[in-house]
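Accompanying notes for the structure given below.
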Amino acid sequence: MKRFLTTFIIIFAITFVHAGEGMWIPLLLKMLNESEMQEMGMKMSAEDIYSVNQGSLKDAIVHFGGFCTGEVISESGLVLTNHHCGYGSIQRHSTVENNLLRDGYWAATQADELPNPGLFVQFIVRIEDVSKQVLAGVTHDMDPRERQSLVDRNMREVSNNTTRESYQDVRIRPFFKGNQYFLFVTETYHDVRLVGTPPESIGKFGADTDNWEWPRHTGDFSLFRIYAGPDNKPAEYSPDNVPFKPRHALPISLDGVDAGDFSLVFGFPGRTDQYLPASGVEYIANVVDPARIGVRDRALKVMDRYMRADESVRLAYAPRFASIANGWKKWIGEKQGLERTHAVAKIREFESAFTARLAKSPALNDRYGRLLTNFDAAYARVAPYAKARIMYSETFGRNIDLFRTIARLDRLIGTYDNNGAEAFRLAADRQKDYFNAFFADYHAGIDREICGVLLEHLVASLEQEFLPQMLQQDALNKRGWQPANMPGLLFTPMLTTAEGMQKLLDLDGEAFKATLTASPAYQLYTDVQARAQEAINPVYDQTMDQIEAWQREYMAALMEAFPERTFWPDANSTLRVTYGYIEGYQPRDAITYEHVSFLDGVIEKYVPGDYEFDVHPKLIELYNRKDFGKYADKATGKMPVCILGSNHTSGGNSGSPAIDAHGNLVGINFDRVWEGTMSDIYYDRSICRNIMVDIRYVLFVIDKFAGARHLIEEMDLVHPKQKG
Ligand code: ARG
Ligand code: GLU
């Protein structure tokens with residue numbers, strides 16, 4: 001009986017506690033999450049995580065550059081983030097003779113730390129719920145535009161009335177689709193210097209082949225330092241600035257993690273869509289993802305072939321390949337995950353329960369009863385327009401460089417038309433630097449082949465009415481063109497060589513405009529813009545606005561219809577806490593993945609000279625000598641590399657600290673597993689896992705591999721598991 005009861009309680013807990021799911025607002029942890037977190041093993045209080053009155057974990061968390069997360073790990077402002085988050089900065093300091101990406105970099109003294117103009121980190125000082133003030137005067141029957149202008153006015157007023165220091169900023173953001181509003185007081189530091197990075201063979205080990213996958217062996221970390229004015233306040237870069245003293249720095253655990261340990265990830269997830277109706281999820285799986293994947297599939301195939309054949313192409317194309325492949329692979333996983341988990345059917349089931357709740361209350365039913373059928377109709381209506389729009393932006397805005405070039409040049413025409421010849425001259429000269437750098441890494445032959453393949457794909461995929469006129473069947477017939485050989489017409493030396501571009505940019509405004517507009521590539525570009533404006537955008541924009549307004553009502557309806565449930569707001573690039581366990585998973589029948597990977601796996605994957613799987617001789621030597629110092633796993637003596645957890649993370653959580661039950665750093669988040677990338681839309685605890693670098697690997701690389709002991713000495717290394 002007792003065993004039965006325990007089993008029952010465990011099943012009950014798993015079904016109703018939703019451990020793992022959710023990206024929670026730090027301000028509300030005490031009210032919504034603290035007791036569950038403590039039941040799961042957390043030894044801290046909500047106040048230890050987020051407090052306005054005393055230093056708390058949140059004071060060690062930064063929004064890194066606005067696109068990643070970082071954490072402060074020393075009293076002198078040392079910040080840890082991912083290698084792929086620091087990548088741009090590292091690349092800008094790299095030259096052929098001094099290749100930081102390839103060789104790594106470790107500042108021997110603070111004077112050697114490298115400034116990064118434009119890079120910033122932002123702290124959250126405090127969060128306030130301002131829903132009441134922002135929504136004052138808003139009523140149910142307002143039209144969306146009227147509502148928005150009232151909300152905007154209220155936000156300005158709240159923002160103006162918020163007390164803050166001169167060096168602080170105030171931002172108000174919508175939550176729950178605009179049913180609630182929260183205010184953030186922030187402090188932004190603009191002097192952030194590069195302190196250390198491992199070579200790419202560690203920081204990007206496995207590159208695109210291993211991306212989104214487990215088992216993983218990437219040491220995806222880099223180190224920066226925040227500098228402040230002499231008063232410790234934000235200051236523009238100056239050699240006189242001093243290392244920033246944080247309100248809190250994360251202690252670092254040397255004791256590692258075990259399966260079943262409580263874990264928490266604290267950071268800035270960018271965007272999720274957890275409250276879509278079933279028709280919205282179907283729309284993503286059947287319209288949005290396939291359209292994006294289809295275009296990228298084709299572009300990546302061409303790039304890959306050239307990259308494998310020629311090392312210099314490989315180097316030049318690696319960054320753009322990585323960024324196009326990152327989304328592509330994620331969406332393939334997302335679509336498959338939605339299908340495998342039967343997400344649509346399960347959401348439909350949930351919608352029946354929702355409809356049943358509404359049926360019990362005439363008032364609710366009256367207000368919300370038509371929402372689900374409205375969604376169905378709207379998503380069906382928007383689908384062909386969305387497909388065309390996505391294919392346009394992927395084809396002309398992302399995967400064919402020629403059209404990105406034209407978009408840039410088109411802006412110069414705008415400058416000439418609006419601001420005259422002199423302004424044009426200045427702007428055109430400024431573009432010369434950009435294009436010099438661009439053409440250094442550009443291979444017109446590759447772009448041309450991609451262009452042919454993608455135009456063919458576009459023509460084969462879209463109805464005539466959605467095609468630019470030049471690509472419609474009549475026009476093609478009349479001129480005897482094929483989509484596949486159009487590039488012969490479009491790729492002229494003027495637009496695809498450094499010399500041609502120089503000459504074009506040297507022309508005066510009038511001649512520039514005449515020459516550019518006479519080119520077939522420019523004509524196709526404006527044709528595309530016009531077609532989008534006429535045939536695609538009006539219906540798309542109008543339907544999406546409508547869906548957005550209904551989505552806000554649907555969110556409100558869910559919260560009213562299920563008052564006993566706790567909802568979390570979709571990610572919106574604001575600070576969130578997510579918590580779960582350190583744990584492995586079962587990706588498929590009969591396969592079980594462990595929660596930790598070891599350096600042995602790096603050696604197993606080693607392919608000498610390969611650009612993804614090469615291993616540095618020093619790392620091999622340390623491995624052969626088992627020279628892991630105090631960073632080895634206590635039980636096995638092996639060197640841990642990556643760990644898995646059931647923390648609900650998303651893009652933007654890269655670099656986020658993984659924190660143990662006591663508030664110590666145990667890892668750095670950097671990815672999710674492929675089977676679970678649908679967690680942005682539909683979270684399933686059984687297969688959604690986040691991937692972290694084990695902090696002991698980070699310390700080992702800094703200390704044993706790089707010999708940068710002075711950095712280790714700044715940190716506070718602790719032994720939480722040896723207490724008591
Ligand atoms: N998948 C991770 C994230 O979404 C890592 C991306 C960087 N690595 C890469 N090979 N593209 O951003
Ligand atoms: N790699 C992602 C990032 O750069 C985080 C992984 C994810 O999407 O979960 O933000």
Looking at Arg404 and Asp447, is there a salt bridge between them, counting it only when a charged N and a carboxylate O are closer than 4.0 Å?
no
Residue that, paired with Ile90, satisfies side chain to side chain contact (heavy atoms under 4.5 Å, CB included) out of Leu194, Leu114, Asn99:
Leu194
Side-chain H-bond candidate by donor/acceptor type, Tyr416 with Glu510, under 3.5 Å
yes
Are a donor atom and an acceptor atom from the side chains of Arg298 and Thr395 found within less than 3.5 Å of each other?
no
Indicate whether the side chain of Asn116 and that of His93 have a donor and an acceptor atom separated by less than 3.5 Å.
yes
Would you check, one step at a time, whether the test side-chain hydrogen bond (donor to acceptor under 3.5 Å, both in side chains) holds for Asp220 with His84?
CA-CA 7 Å; Asp220 196 345; His84 80 260; 2.8 Å; yes
Between the side chains of Asn690 and Asn669, is a donor N or O closer than 3.5 angstrom to an acceptor N or O?
yes
Just one of His342, Gln336, Lys335 clears the side-chain hydrogen bond (donor to acceptor under 3.5 Å, both in side chains) bar with Glu339, so which one?
Lys335
Side-chain donor-acceptor contact under 3.5 Å, Tyr87 with Asn82
no
Measure up the His648 and Tyr683 rings against each other and bin them: parallel (under 30°), tilted (30 to 60°), perpendicular (over 60°).
tilted
Within the structure provided, determine whether Glu334 and Trp331 are in side-chain contact (heavy-atom separation under 4.5 Å).
yes
Checking Arg320 against Tyr317: charged group under 6.0 Å from the ring centre and within 45 degrees of the axis?
yes
Before accepting this row, confirm whether a basic side-chain N of the pair Arg430/Asp433 lies closer than 4.0 Å to the acidic partner's carboxylate O.
no
Is Thr415 reaching over with its side chain to a backbone N or O of Arg411, donor-acceptor style, under 3.5 angstrom?
yes
Between Arg314 and Glu311, is there a salt bridge with N-O shorter than 4.0 Å?
yes
With a 4.0 Å cut-off on N to O distance, would you call Asp304 and Lys301 a salt bridge?
no
State, yes or no, whether a side-chain contact exists between Phe670 and Thr81 at a heavy-atom distance under 4.5 Å.
no
Arg588 bridged to Glu675 by N-O distance under 4.0 Å:
yes
Using distance alone, with no hydrogens and no angle criterion, decide if Asn399 and Glu394 have a side-chain donor and acceptor under 3.5 Å apart.
yes
Closer than 3.5 angstrom, by distance alone: can the side chain of Thr218 be matched with the main-chain N or O of Phe205 as a donor-acceptor pair?
yes
Heavy-atom pair of closest approach, residues Pro277 and Ile347
C-CG2, 4.2 Å
Side-chain donor-acceptor pair under 3.5 Å between Trp674 and Asn211, yes or no?
no
Aromatic contact, Phe466 with Tyr385 (centres under 6.0 Å)
yes
Is the backbone of Met470 close enough, under 3.5 Å, to the side chain of Asp527 for a donor and an acceptor to pair up by distance?
yes
Salt-bridge test for Arg672 and Asp680: reply yes if a basic N is under 4.0 Å from a carboxylate O, no otherwise.
yes
Nearest non-hydrogen partners of Leu476 and Pro483, listed with the distance
CD1-CD, 4.1 Å
When the ring planes of Tyr283 and Tyr379 are compared, do they come out parallel, tilted or perpendicular, using 30° and 60° as the limits?
tilted
May I ask you to check if Arg296 and Trp328 form a cation-pi contact, with NZ or CZ under 6.0 angstrom from the six-membered ring centre and within 45° of the axis?
no
With rounding to the nearest 0.5 Å, note down the distance linking CG in Leu467 to OH in Tyr392.
6.0 Å
Could you pull out the closest heavy-atom pair between Asp614 and Gly609, with the gap in Å?
OD1-N, 3.2 Å
